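Just so we're on the same page: letters track the sequence lines, and every chain starts at 1. What you see is a predicted model, and the numbers here were worked out from it, not measured in a lab. Hydrogens, waters and symmetry mates play no part in the numbers below; they use all other heavy atoms, side chains included.
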Amino acid sequence: SQQGEEDPQALSIQEGENATMNCSYKTSINNLQWYRQNSGRGLVHLILIRSNEREKHSGRLRVTLDTSKKSSSLLITASRAADTASYFCAVSGGSNYKLTFGKGTLLTVNP
Amino acid sequence: SAVISQKPSRDICQRGTSLTIQCQVDSQVTMMFWYRQQPGQSLTLIATANQGSEATYESGFVIDKFPISRPNLTFSTLTVSNMSPEDSSIYLCSVFGGGKETQYFGPGTRLLVL
């Protein structure tokens with residue numbers, strides 16, 4: 001399957017520090033997306049990176065994609081308590097547009 | 001981005017009953033997706049609902065258990081039938097944004113089956 005797998009499963013840091021989460025997948029993809037979920041609510045789309053892109057930025061977020069290693073990383077700089085959430089990567093491949101999600105990383109930012 | 005609403009936001013149901021979840025989008029979309037997120041787990045795609053055709057179900061999900069309607073380009077319903085405690089999950093609908101890349105999600109329906 002194309003399932004993304006995040007690591008670490010849980011990450012606890014202090015406010016102001018950077019947080020890095022990784023995602024690996026198994027087959028070729030069209031794009032990879034990162035989402036945030038607060039306390040079991042709906043998913044908020046953070047950023048999409050296409051298979052022909054290597055790095056994207058959005059505010060305090062930086063995403064990299066290495067298709068040769070089938071992996072991606074999400075970096076959140078200068079973290080805030082409000083960044084506390086679960087972060088999921090999701091991959092899309094082939095022509096069916098389906099998203100396959102990883103298991104997620106629970107990020108806790110301590111004030 | 002698309003604005004998506006879901007009803008109900010949460011419900012507590014008795015086993016053996018059925019619940020219909022509504023998903024409303026603020027723009028016309030061809031494809032709508034229904035996902036399930038079991039407690040502490042990631043999201044799993046249940047089915048893809050295209051207007052004017054039967055929904056396409058993923059492995060492990062069947063129409064008798066999760067019937068889906070898609071009467072128009074802005075609305076869909078998912079019914080969870082003959083519920084058991086194992087159906088306790090968050091159910092989310094999603095749609096594509098402008099192109100068939102970014103998927104946007106509704107706020108979810110949190111279901112507890114007793």
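Linking ILVMFWY residues whenever their side-chain heavy atoms come closer than 4.5 Å, directly or via other members, leaves B:L78 and B:L73 in distinct clusters. Hydrophobic clustering of Ile, Leu, Val, Met, Phe, Trp and Tyr side chains at less than 4.5 Å, counting indirect connections, unites A:L43 with B:Y35. Put simply, B:W34 and B:I90 are part of two different groups of oily side chains (I, L, V, M, F, W, Y) that touch within less than 4.5 Å, one to the next.
Counting non-hydrogen atoms of other residues, nucleotides and ligands closer than 6.0 Å to CZ of A:R60 gives a total above 12. Surrounding CZ of A:R80 are at most 12 heavy atoms belonging to other residues, nucleotides or ligands under 6.0 Å away.
Applying the disulfide bond (SG atoms under 2.5 Å apart) test to every pair with at least one member in residues 3-45 of chain B, sequence neighbours left out, gives these pairs: B:C23-B:C93. The ring pair (Phe, Tyr, Trp, His ring centres under 6.0 Å) analysis of residues 37-60 of chain B, with sequence neighbours excluded, yields no pairs.
In this structure A:Q9 satisfies the side chain to side chain contact (heavy atoms under 4.5 Å, CB included) test with no other residue, sequence neighbours excluded.
Heavy atoms closer than 4.5 Å to chain A are found in the side chain of B:E58, but not in its backbone. Looking at A:L99, both its backbone and its side chain come within 4.5 Å of chain B, counting heavy atoms on both sides.
Residues of residues 102-114 of chain B that come within less than 4.5 angstrom of chain A, heavy atom to heavy atom, are B:T102, B:Q103, B:Y104, B:F105, B:G106, B:P107, B:R110 in numerical order.
Between the CD atom of A:Q37 and the CG atom of B:L43 there is a distance of 6.5 Å, given to the nearest 0.5 Å. To the nearest 0.5 Å, atom OH of residue A:Y35 and atom OG of residue B:S42 are 11.5 Å apart.
With B:E101 contributing its side chain and A:S92 its backbone, the two residues share no donor-acceptor pair below 3.5 Å.
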